[in-house]
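Right, one structure below, let's go through it.
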Amino acid sequence: MTRIIDLDATAAQEYLLKPECYFRSDFPPYISFHSILEDVAAVLSDRPYSDFQKPKPNRAFEMSGVNYEIISTKDGRFGWRPYELIHPAIYVTLVQTLCEKANWGLLQSRFAKLQSGIVECTGFPVLPEPGQPQAGAQVRTWWLLYEQRSLELSLNYTHILQTDVTNCYGSLYTHSIPWAIHGYEAAKADHSSNLFGNEIDKHIRNSRYGQTNGIMQGSVLVDILAEIVLAYVDYKISEQLRDSGDFHILRYRDDYRVFAQSDRIATDVVRVISDCLRHVGMKLGEGKTSQSTNIVEASIKPEKLAGIQLEDMDVTQATTIQKQLLRLHAFARKYPNSGALNRLADQAFEKISTIDDAPADLSVQVAIVCDIAVVSPRTFPALSGILAKLISLAPNKDRPELWKRVANKMRRIPHNGHLEIWLQRVTKAKGVELDFDSTEPICQIVSGKPAHLWNNDWIDNDDLITALDTSKVLVGKPEDLAAIPSTDELSLFRQYSEFS
């Protein structure tokens, strides 16, 4: 596995300008930001976006909605997670700034120094293998360097304490980015653009109405910035704990595992971790903090263990499709939006895809799958294959009504643009082609309606405005796709959950 930080500056810039790095979530195949990023980069031509903006008081800094926010819900109710599509002009400038040869070299040397302490960092973004999605590569890294490493450490330690950062990206103090890159004293002494960390900080704040609390979530570039700040926290932890005893700290992104010979030692270590995180605006989540003397059991996610048991019970315990779906439903209630649920849904789709005749309880099966999606909206793309297959078995005259009932149930989930994008894919597919009415701007673009994603009112350049034409996001249409997703289309979720 090659970490992005280990690439040279040119290769890093080329990679970070790819659409899958710009937004690392999943979209149907007819949506792509490739053309917009390419056209914006051509217009900017190595100049910063600030050269193309209007004078004060109409700069990006002074406007809201510069980035586009897309909401995904974790529980179908109140657990909303905002992802941001960074304004492409600001994103391209961020990439260019980060990947200037001198800046990238400084970032590499700084990260190497920050990671020379006692915290073992395992979560730096990596390059995927050919044909592998970015998310799949990162999950494999988590499995190999975090889960498997934790199991290995059970040979040396008797206790484990697990914890994570609450709202990591949303709470990160943007001024801590130059602190991490240049050192606290140097950054505090120089607020000018002579420090490229200050430029990174400024670009982020300019895209977010001047906010210093929080950074965007959804791009690999920002994942790198978050990792640099967390590595800075690692360094501060190491300074305080270097001679403090026999323990080991393992970190993957914002998750920490402390291995020790007693609960007291582990608790003392976590107290220091908490103190150092507060320095950059973060805090640990009490609800997700746990201790155990069984390191092997604690190192494996409970949903993964439960998913393995569910797979083993398949033939003997669930002899009908409805029983299998009810088991999947019970699993979703206990482990909503989990990678294990994605994997189980994909396996269910493979079995259901072999059915040729409509079961007598078809509408009941559709209802069960829909309710799984309600409690676990993130899994809807993986579940869409099951829904599409089941509804395809119904008589032609009944299919439109079934799809309308599915769409109406999904629309009851509040503030979930991500799910609506995938709902549009299955309800407008070839042979289904229902009218789809959504206020989600990306859905409106797919429907051929004009819609804005980013606030461009600060831009004073016609060529850049043209490059930002959102209609270019559409590189196909759902009507061209088969009603039942292919295994290739759903492979993202299979690979993403392979090690979950």
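Index from 1, following the sequence.
- The only option from Tyr184, Tyr232, Tyr173 that meets the side chain to side chain donor-acceptor pair (under 3.5 Å) definition with His279 turns out to be Tyr232.
- Other residues, nucleotides and ligands contribute at most 12 non-hydrogen atoms within 6.0 Å of the CD atom of Glu14.
- In this structure, a donor-acceptor pair under 3.5 Å is absent between the side chains of Asn294 and Ser292.
- In this structure, a donor-acceptor pair under 3.5 Å is present between the side chains of Tyr169 and Asp223.
- Between the side chains of Tyr68 and His87, no donor-acceptor pair is found at a separation under 3.5 Å.
- One N or O on the side chain of Asn198 and one on the backbone of Ser192 form a donor-acceptor pair closer than 3.5 Å.
- In this view, Glu100 and Asn103 satisfy the side-chain contact (heavy atoms from CB on, under 4.5 Å) rule, not counting sequence neighbours.
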Would you check, one step at a time, whether the test side chain to side chain contact (heavy atoms under 4.5 Å, CB included) holds for Ile228 with Ile177?
CA-CA 8 Å; Ile228 291 294; Ile177 295 172; over 6 Å; no

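- The main-chain N or O of Gln211 is never found under 3.5 Å from a side-chain atom of Arg205 such that the two would form a donor-acceptor pair.
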Residues Glu420, Ser438; criterion side chain to side chain donor-acceptor pair (under 3.5 Å); working and verdict:
CA-CA 7 Å; Glu420 289 201 5; Ser438 171; 2.2 Å; yes

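- Closest approach of Trp104 and Leu7 over heavy atoms only: NE1-O, 2.8 Å.
- Between the side chain of Ser376 and the backbone N or O of Ala373 there is no donor-acceptor pair closer than 3.5 Å.
- Between Glu84 and Arg208 there is a salt bridge, with a side-chain nitrogen of the basic residue lying less than 4.0 Å from a carboxylate oxygen of the acidic one.
- At least one donor-acceptor pair under 3.5 Å links the side chain of Thr93 to the backbone N or O of Tyr49.
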Checking side chain to side chain contact (heavy atoms under 4.5 Å, CB included) for the pair Thr166/Leu284: CA distance, chi angles, key distance, verdict?
CA-CA 6 Å; Thr166 299; Leu284 294 176; over 6 Å; no

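- Aromatic pair Phe111/Phe124: ring centres closer than 6.0 Å.
- Sorted by first and then second residue, the side-chain hydrogen bond (donor to acceptor under 3.5 Å, both in side chains) pairs involving residues 259-269 (not counting sequence neighbours) are Thr158-Gln261, Asp246-Gln261, Arg264-Asp268, Thr267-Gln291, Asp268-Arg271.
- Close placement of the Phe23 and Phe27 rings is indicated, their centers lying within 6.0 Å of each other.
- In this structure, Lys236 fails the cation-pi test against Trp179, since its NZ or CZ atom is not both closer than 6.0 Å to the six-membered ring centre and inside 45 degrees of the ring normal.
- Using a 3.5 Å distance cut-off with no hydrogens or angles, the side chains of Asn342 and Thr379 do not pair a donor with an acceptor.
- Using a 3.5 Å distance cut-off with no hydrogens or angles, the side chains of Trp422 and Asp26 do pair a donor with an acceptor.
- Ring to ring, His182 and Phe196 are close: their centroids are under 6.0 angstrom apart.
- For His248 and Asn156, the side-chain atoms include no donor-acceptor pair closer than 3.5 Å.
- A donor-acceptor contact shorter than 3.5 Å links the side chain of Ser238 to the backbone of Ile118.
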Step by step, would you call Ile160 with Arg257 a side chain to side chain contact (heavy atoms under 4.5 Å, CB included)?
CA-CA 7 Å; Ile160 181 173; Arg257 288 178 175 174; 4.1 Å; yes

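- A salt bridge links Lys202 with Glu199: the distance from a Lys NZ or Arg NE/NH1/NH2 to an Asp or Glu carboxylate oxygen falls below 4.0 Å.
- Between the side chain of Glu303 and the backbone N or O of Ala340 there is no donor-acceptor pair closer than 3.5 Å.
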Report the C-alpha distance between Arg59 and Trp458 in whole Å, list the side-chain angles of each, state the deciding distance to 0.1 Å, and finish with yes or no for side chain to side chain contact (heavy atoms under 4.5 Å, CB included).
CA-CA 5 Å; Arg59 300 170 301 176; Trp458 55 275; 5.5 Å; no

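- Of the possible polar contacts, one joining the Trp454 side chain to the Leu85 backbone as a donor-acceptor pair under 3.5 Å is found.
- When each of Arg251, Arg3, Gln115 is checked for a side chain to side chain donor-acceptor pair (under 3.5 Å) with Glu227, only Arg251 meets the rule.
- Side chain of Ser109 to main chain of Gly105: a donor-acceptor pair is present (N/O by atom type, distance under 3.5 Å, no hydrogens or angles).
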